[in-house]
Amino acid sequence: MKIMKARGIALAVCGALAALALSAPVRAQQQAPAEEKHPWSDTSLSPDARADLVLKELTLDEKIGLLHGQGMRGWGPPKANDWMGNGGAGWTMGVPRLGIPTIQMSDAAYGVRSSGTNGRYSTALPSNLASASSWDTDAACEYGALIGRELRAQGFNMTLGGGVNLTREPRNGRTFEYMGEDPILAGTLVGNRIKCEEAQHVIGDIKHYALNDQESGRNEVDVTISKRAMQESDLFAFHIGIRIGNPGAVMCSYNAINGDYACQNSYLLTDVLKKDWQFPGFVVSDWGGTHSTVKASAAGLDNEQPGEKFFGDALKDAVTSGKVSQAELDEHVRRVLRSEFADGIIDNPTKRSVVDVEGGFETARKIAESSTVLLKNSKGVLPLDRAKVKSIAVIGLNADTGMISGGGSAQVDPPGRGPTKWQEHIWFPTSPLKAIVAKAPNAQVKFDAGKDPAAAAALAKSSDVAIVFAYQWESEGMDLPTLSLPENQDALIAQVAAANPRTIVVLETGTAVTMAWVEKVGGVLEAWYAGSKGADAVANILFGDVNPTAKLPMTFPLKDEDVPHPTLVKPAPGSTGNRPSQLTGEAKPTFGVTYDEGLKVGYKWYDAEKKPVLFPFGFGMSYTTYSYSGLKVTPGADGTTVTFSVKNTGKRAGVEIAEVYAALPAGTDEPPKRLVGWSRVALGPGESKEVTVNVSREYLSIYDEASSGWKLAPGEYSFLVGGSSQELPLTQKTNIQ
Ligand code: BGC
């Protein structure tokens with residue numbers, strides 16, 4: 001914490017210096033297109049061929065320059081060349097004489113970071129977990145494209161977004177930055193996001209590779225897990241994401257896995273990523289996550305960030321003394337250059353422009369609408385009928401002005417104020433109260449911040465309906481002590497609901513929540529961290545202008561004790577905790593977490609352990625209803641075709657996310673079922689459609705440790721189809737060889 005605070009103060013000082021130094025003409029000069037033609041300017045050549053041509057021209061110093069960062073504001077003392085940075089998390093030196101640009105990196109989990117410090121503007125999209133609730137690859141694409149455009153408009157050509165750590169530990173403070181608990185859903189969505197981000201000519205990134213599944217002691221924790229378990233869960237999400245998105249970079253994580261830090265773990269970086277998956281891009285370290293020169297280089301780390309402690313002079317010395325071979329050095333450099341060509345940052349230099357604010361709002365609202373999950377709607381309390389509702393109580397801290405956002409390096413700075421402090425609680429200016437007033441101009445709408453539950457309950461009692469906006473803030477660098485709501489909000493909701501059963505709870509959370517009060521309230525809407533236009537999206541759903549479609553990408557357990565590790569494993573008191581060891585001098589794991597739940601991540605755990613849950617994975621309601629029929633399962637050489645019909649049995653149009661699960665043959669030692677596909681089906685009232693989902697053999701396979709490969713177990717498979725992981729009306733068995 002202290003170091004982080006110091007980082008904040010240094011940031012402010014250096015920010016002021018940098019603001020003076022970063023004059024517009026200099027910035028423009030940095031990004032000037034390479035006018036001179038070089039052999040590698042020929043765009044008909046492959047990225048590999050072009051990288052090879054550049055490589056031949058580079059001096060040793062130029063090569064080393066491509067393999068490490070040049071610092072980050074607030075990370076160590078200011079440097080003479082700080083003026084060449086772009087106010088992002090880091091940058092890597094280019095080779096101007098050969099037309100190779102600097103790589104300007106920015107965090108961009110749900111929007112571009114550091115707008116406050118840099119005097120720029122960024123759209124805040126709904127959190128990554130929220131966007132995963134849409135199960136929508138097109139929305140993921142729009143999400144990535146928007147961030148790609150805003151990065152380039154601000155002079156960045158590399159994103160540090162793309163978080164896809166699986167939700168093994170729902171109290172992980174970064175759960176909102178990831179895509180939930182299922183590898184196929186998470187990997188597919190992150191891949192589509194990256195693909196469209198890179199189409200804007202930024203180097204894409206996927207992170208944090210791998211198993212950085214809790215924040216407590218993230219720089220000191222050694223994760224113990226079997227190869228099969230990691231391959232079929234956490235690594236599988238990365239593999240799918242990498243195949244679909246082709247990111248230029250993979251960020252290795254802070255933690256150690258089975259004894260070796262991720263950024264010097266040759267199993268992860270070389271055996272799996274570079275050999276098995278044939279990943280052609282470069283591995284960039286998490287900030288301060290590099291721990292050695294020779295070992296990290298041999299294991300497959302290509303680029304150290306944000307500094308040069310191990311991959312600067314130390315790497316140069318290692319090369320000149322023969323401890324790192326010339327070929328190994330060239331391999332790192334080739335990978336960096338290849339990504340620069342493949343993602344088009346050399347052919348398409350960034351051009352500063354004004355961010356499309358209105359366009360950003362539109363995208364943020366649309367994605368929020370398709371990300372908000374209706375969890376409970378008893379007696380049709382929703383949608384609200386604006387012709388009938390005469391009085392509305394809007395209750396909740398800041399529900400008059402804003403909605404909470406997720407903190408840490410993902411934080412997007414809100415418009416109208418300066419830089420945010422590390423782990424500050426930021427309420428984004430999107431006002432639920434105003435949005436509700438706009439929807440119901442003839443109703444009397446009154447606000448109560450909810451600090452005194454009795455007063456809030458009195459207001460609820462005298463109103464037709466009460467809407468409580470409840471929040472749970474989380475951030476990088478911490479984990480939640482519990483999944484229940486903080487700040488006495490459980491008591492607030494219980495009292496309000498006791499006063500008026502027509503109480504609707506709108507949740508602004510970064511992960512699952514337990515709900516002691518759920519039986520007492522009329523409705524529950526999970527809005528997550530809803531971004532720049534969250535309140536408008538929520539109001540559109542509350543008043544029925546938008547029919548909710550989203551479904552949970554993670555299980556909501558009944559109670560904390562039901563998660564695989566009821567007690568979060570933490571480092572010993574007084575340890576360096578979650579601070580990068582480059583700042584603390586420590587470089588050894590000091591404690592361990594054993595993921596002995598293995599393959600049973602998320603719903604697979606609750607299924608296997610037969611534990612009832614509050615809301616299951618894949619669950620989400622609509623203002624209409626759907627029925628399923630006519631399942632046909634046809635195995636084939638290229639995979640299994642699953643066909644069925646979905647009918648809209650209600651009175652309004654909607655989109656149903658139809659889910660397909662498979663149960664593997666007995667004796668495979670697998671959890672009861674896994675998600676193997678889904679389809680978003682748009683249906684008018686009364687309309688029925690036949691849906692086909694193709695399930696690849698890979699999605700039915702298991703990882704065989706003995707042969708270090710994937711195998712399909714011949715035998716009887718069951719396919720289950722329906723609207724959530726626990727509502728699967730259609731089942732068919734089939735034999736697959
Ligand atoms: C985070 C990364 C982030 C980096 C740069 C690290 O603390 O773990 O996700 O990209 O900082 O800000």
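We count ligands from 1, going down the list as the structure has it; atoms in each ligand are counted the same way.
Of all atoms in ligand 1, numbered sequentially from 1 with element shown, those under 4.0 Å from a heavy atom of S409 are 1 (C), 2 (C), 3 (C), 9 (O), 12 (O). In the vicinity of A89, heavy-atom distances shorter than 4.0 Å reach the ligand 1 atoms 5 (C), 12 (O). Each of the following atoms of ligand 1 lies closer than 4.0 Å to a heavy atom of K207: 2 (C), 3 (C), 9 (O), 10 (O). Of all atoms in ligand 1, numbered sequentially from 1 with element shown, those under 4.0 Å from a heavy atom of M251 are 10 (O). Against a heavy-atom cut-off of under 4.0 Å, Y254 is close to the following atoms of ligand 1: 6 (C), 7 (O), 8 (O). Counting atoms of ligand 1 from 1 in the listed order, those under 4.0 Å from a heavy atom of R218 are 7 (O), 8 (O).
Proximity of M403 to W528: side-chain heavy atoms (C-beta onward) are nowhere separated by under 4.5 Å. Side-chain contact between T511 and R171: absent, with no pair of heavy atoms (C-beta onward) separated by less than 4.5 Å. Put simply, the side chain of L268 does not reach to within 4.5 Å of the side chain of D260, judged on heavy atoms. You'll find the side chain of K309 stays beyond 4.5 Å of the side chain of H68, heavy atoms only.
Remark: D234 engages R168 in a salt bridge, criterion side-chain N to carboxylate O under 4.0 Å. Using a 4.0 Å cut-off between a side-chain N of Lys or Arg and a carboxylate O of Asp or Glu, E308 and K79 qualify as a salt bridge.
Heavy atoms of M105 found under 4.0 angstrom from ligand 1: none, in either backbone or side chain. Counting heavy atoms under 4.0 Å from ligand 1, residue Q305 does not touch it at all. Only the side chain of R174 comes within 4.0 Å of ligand 1, judged by heavy-atom distances.
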query: So F238 and W277, ring-ring contact (aromatic ring centres under 6.0 Å, His included) or not? Walk me through it.
result: CA-CA 10 Å; F238 276 95; W277 300 351; 7.5 Å; no

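Considering backbone and side-chain atoms alike, W287 places every N or O at 3.5 Å or more from each N or O of ligand 1.
Put simply, part of R113 is less than 4.0 Å from ligand 1, judged by heavy atoms.
Summarising the contacts of atom 4 (C) of ligand 1 with L160, D205, D286, the nearest heavy atom is found in D286.
Considering all non-hydrogen atoms of both residues, S133 and S371 come closest at CB-O, 3.5 Å.
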